Student: 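One structure coming up, written as structure tokens, with questions to follow.
Just so you know, these numbers come straight off a predicted model, no measurement behind them.
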Amino acid sequence: MAWKNQTDHPEIVLLSISSQFEHKSFFFLLFLLVYMLSLLGNLLIVLLIHFDEYLLHIPMYFFLSHLSLADTFFVSTTMPKILSNLMFQTKTISFRGCLTQMYFFLTFGNTDNFLLACMAYDRYVAICHPLRYTTVMSHKFCLFLVSGSWILSSLHSLLYTLLVSRLSFCTSWEIPYLFCDVYPLLEISCSDTTLIKILAQTEGMVDILGPFALIVTSYACIFHAVMKAPKAIGQRKAFSTCGSHLAIVVLFYGAISCLYFQPASAYSAQKGTFISLLYAVLTPMLNPFIYSLRNHDIKASMARLLGKLRGVLRY
């Protein structure tokens with residue numbers, strides 16, 4: 001019965017951020033600029049790390065390269081469709097296309113979630129157990145953490161995608177949202193969505209709060225170790241290596257908590273649109289700038305790359 005309704009109404013309408021034509025050009029240029037900055041910034045960090053043997057063999061930068069790669073895919077899941085809807089009059093997406101977009105949106109967003117926890121654990125071992133750092137954070141263990149982040153995120157997204165695919169949509173196929181996500185689709189479904197909403201409030205919360213709890217615990221141990229160390233050495237070391245990561249953690253989890261950590265009955269698609277833009281569009285753009293502006297190793301690697309390019313051009 002679910003697939004019958006989907007066949008009768010094969011397309012979902014994604015309403016634009018502005019219904020007034022004169023505003024669309026402004027939003028199109030703004031989102032295009034943000035998208036280009038996100039791609040250039042994140043891909044630059046991936047290239048810098050993977051072509052710099054010094055950075056590649058440091059676990060923190062190994063995790064950062066995967067975080068930037070996930071952010072590149074994350075923003076590319078939604079932005080092309082948003083730009084297309086702003087440029088053209090058609091704002092529709094097929095139901096299967098909507099499910100595909102939702103799957104990858106959840107996958108890459110959740111991968112960010114797990115990778116941020118991996119980076120926090122890396123900082124904990126580096127600062128609290130420096131003598132055991134190379135043993136604990138071996139290349140094999142880092143590969144295990146990164147692989148686990150991608151696999152768990154994929155399975156998590158697959159669960160919700162399969163559940164949503166079984167729903168019926170009998171009346172409205174319009175969602176006041178810029179892209180496909182779980183809550184907007186639940187709002188227009190005429191099926192009983194109680195199970196999925198309970199699952200989102202339990203399993204989904206554990207999925208997000210688990211890594212967040214690891215981050216909080218790691219930094220609590222770090223700050224405790226810093227307080228026991230000489231200020232001139234301990235605090236400078238902690239803040240220089242943790243400041244950028246903490247800034248991204250606050251931005252990422254702050255936006256997610258405002259959007260998902262609320263009763264399902266209180267959900268508003270209009271409100272969710274703007275909050276989701278914060279972590280789905282702005283966060284991937286800000287990540288590379290936060291790390292590059294505050295990180296001496298990234299700046300040094302960029303200088304080495306520019307030096308090599310100058311040498312090639314002169315030759």
Side-chain angles (χ1 to χ4, degrees), residues 38-39 41-78 99-129 132-162 199 203-219 241-242 244-245 248-249 252-253 256 279-280 283-284 287-288 291 295 297-298 301:
S38 299
L39 290 182
N42 285 291
L43 289 177
L44 178 60
I45 285 187
V46 172
L47 291 176
L48 286 175
I49 293 175
H50 281 274
F51 282 97
D52 192 317
E53 294 185 0
Y54 171 74
L55 295 183
L56 184 60
H57 290 88
I58 299 178
M60 179 177 66
Y61 296 114
F62 178 70
F63 293 132
L64 177 59
S65 67
H66 281 270
L67 181 68
S68 296
L69 187 63
D71 280 340
T72 300
F73 293 138
F74 188 35
V75 73
S76 296
T77 301
T78 57
L99 288 180
T100 302
Q101 187 184 61
M102 184 187 73
Y103 170 79
F104 287 112
F105 176 76
L106 294 176
T107 297
F108 299 130
N110 209 26
T111 301
D112 272 7
N113 177 39
F114 287 118
L115 288 175
L116 288 173
C118 293
M119 296 172 75
Y121 180 72
D122 171 73
R123 292 299 83 206
Y124 158 73
V125 178
I127 295 174
C128 298
H129 304 283
R132 299 173 51 199
Y133 181 71
T134 54
T135 303
V136 174
M137 301 303 297
S138 63
H139 185 64
K140 182 181 294 186
F141 184 61
C142 291
L143 281 175
F144 170 77
L145 291 177
V146 167
S147 301
S149 298
W150 286 99
I151 292 172
L152 287 177
S153 300
S154 300
L155 294 176
H156 169 86
S157 305
L158 182 61
L159 171 64
Y160 285 96
T161 303
L162 290 175
L199 186 67
E203 185 275 339
M205 187 172 292
V206 171
D207 179 75
I208 295 175
L209 286 182
F212 182 71
L214 177 60
I215 293 173
V216 172
T217 303
S218 297
Y219 277 106
T241 57
C242 300
S244 300
H245 182 253
I248 292 175
V249 165
F252 183 81
Y253 285 100
I256 284 184
Y279 78 92
T283 302
N287 283 359
Y291 272 101
N295 194 294
D297 290 334
I298 295 293
S301 178

Student: Do the non-hydrogen side-chain atoms of His129 and Val136 ever get within less than 4.5 Å of each other?
Tutor: no
Student: Work out which heavy atom in Phe114 is nearest to a heavy atom in Ser149; give both atom names and the distance.
Tutor: CB-OG, 3.4 Å
Student: Using a 3.5 Å distance criterion without hydrogens, assess whether the side chain of Tyr160 forms a donor-acceptor pair with backbone atoms of Leu199.
Tutor: yes
Student: With the side chain counted from C-beta on, respond yes when Leu116 and Phe63 share a heavy-atom pair under 4.5 Å apart, and no when they do not.
Tutor: no
Student: Classify the ring geometry of Phe141 against Phe144: parallel below 30°, tilted from 30° to 60°, perpendicular beyond 60°.
Tutor: parallel
Student: If you compare all heavy atoms of Thr111 against all heavy atoms of Thr107, which two are closest, and at what distance to 0.1 Å?
Tutor: OG1-O, 2.7 Å
Student: Going from CG on Leu214 to OH on Tyr219, what distance comes out if it is rounded to the nearest 0.5 angstrom?
Tutor: 10.5 Å
Student: For the pair Ser76 and Leu39, evaluate side chain to side chain contact (heavy atoms under 4.5 Å, CB included) and give the outcome as yes or no after the intermediate values.
Tutor: CA-CA 8 Å; Ser76 296; Leu39 290 182; 3.6 Å; yes
Student: In Å and rounded to the nearest 0.5 Å, what is the NE2 to CG distance from His66 to Leu115?
Tutor: 8.0 Å
Student: Could you tell me the separation between the CZ atom of Phe252 and the CG atom of Asn113, rounded to the nearest 0.5 Å?
Tutor: 5.5 Å
Student: How far apart are the closest heavy atoms of Pro211 and Val206, and which atoms are they?
Tutor: CD-O, 4.1 Å
Student: Taking atom NE2 of His139 as the centre, does the number of heavy atoms from other residues, nucleotides or ligands within less than 6.0 Å exceed 12?
Tutor: no
Student: To check you understand the geometry: which heavy-atom pair defines the closest contact between Ser65 and His50, and what is its length?
Tutor: OG-NE2, 3.5 Å
Student: Hey, what do you get for CG (Leu155) to CD1 (Ile151), rounding to the nearest 0.5 Å?
Tutor: 7.5 Å
Student: Please name the pair of heavy atoms, one in Met60 and one in Met119, separated by the smallest distance, quoted to 0.1 Å.
Tutor: O-CE, 4.3 Å
Student: So, taking the atom named CD1 in Ile248 and the one named CG in Leu64, what distance separates them when rounded to the nearest 0.5 Å?
Tutor: 7.5 Å
Student: Is the closest side-chain heavy-atom distance between Leu152 and Asn110 below 4.5 Å?
Tutor: no
Student: Ignoring hydrogens, what is the shortest heavy-atom contact between Met102 and Thr161? Give both atom names and the distance.
Tutor: CE-CA, 3.5 Å
Student: On the 0 to 90° scale, with breaks at 30° and 60°, tag the Tyr253-Phe212 ring pair as parallel, tilted or perpendicular.
Tutor: tilted
Student: State the NE2-OG1 distance between His57 and Thr134, to the nearest 0.5 angstrom.
Tutor: 14.0 Å
Student: Is there a side-chain contact between Tyr103 and Phe108 in this structure, where contact means two heavy atoms from C-beta onward sitting under 4.5 Å apart?
Tutor: no
Student: Asn42 side chain to Ser38 main-chain N or O, any donor-acceptor pair under 3.5 Å?
Tutor: yes
Student: Within the side chain of Asp112, is there an N or O that forms a donor-acceptor pair under 3.5 Å with the backbone of Ala70?
Tutor: no
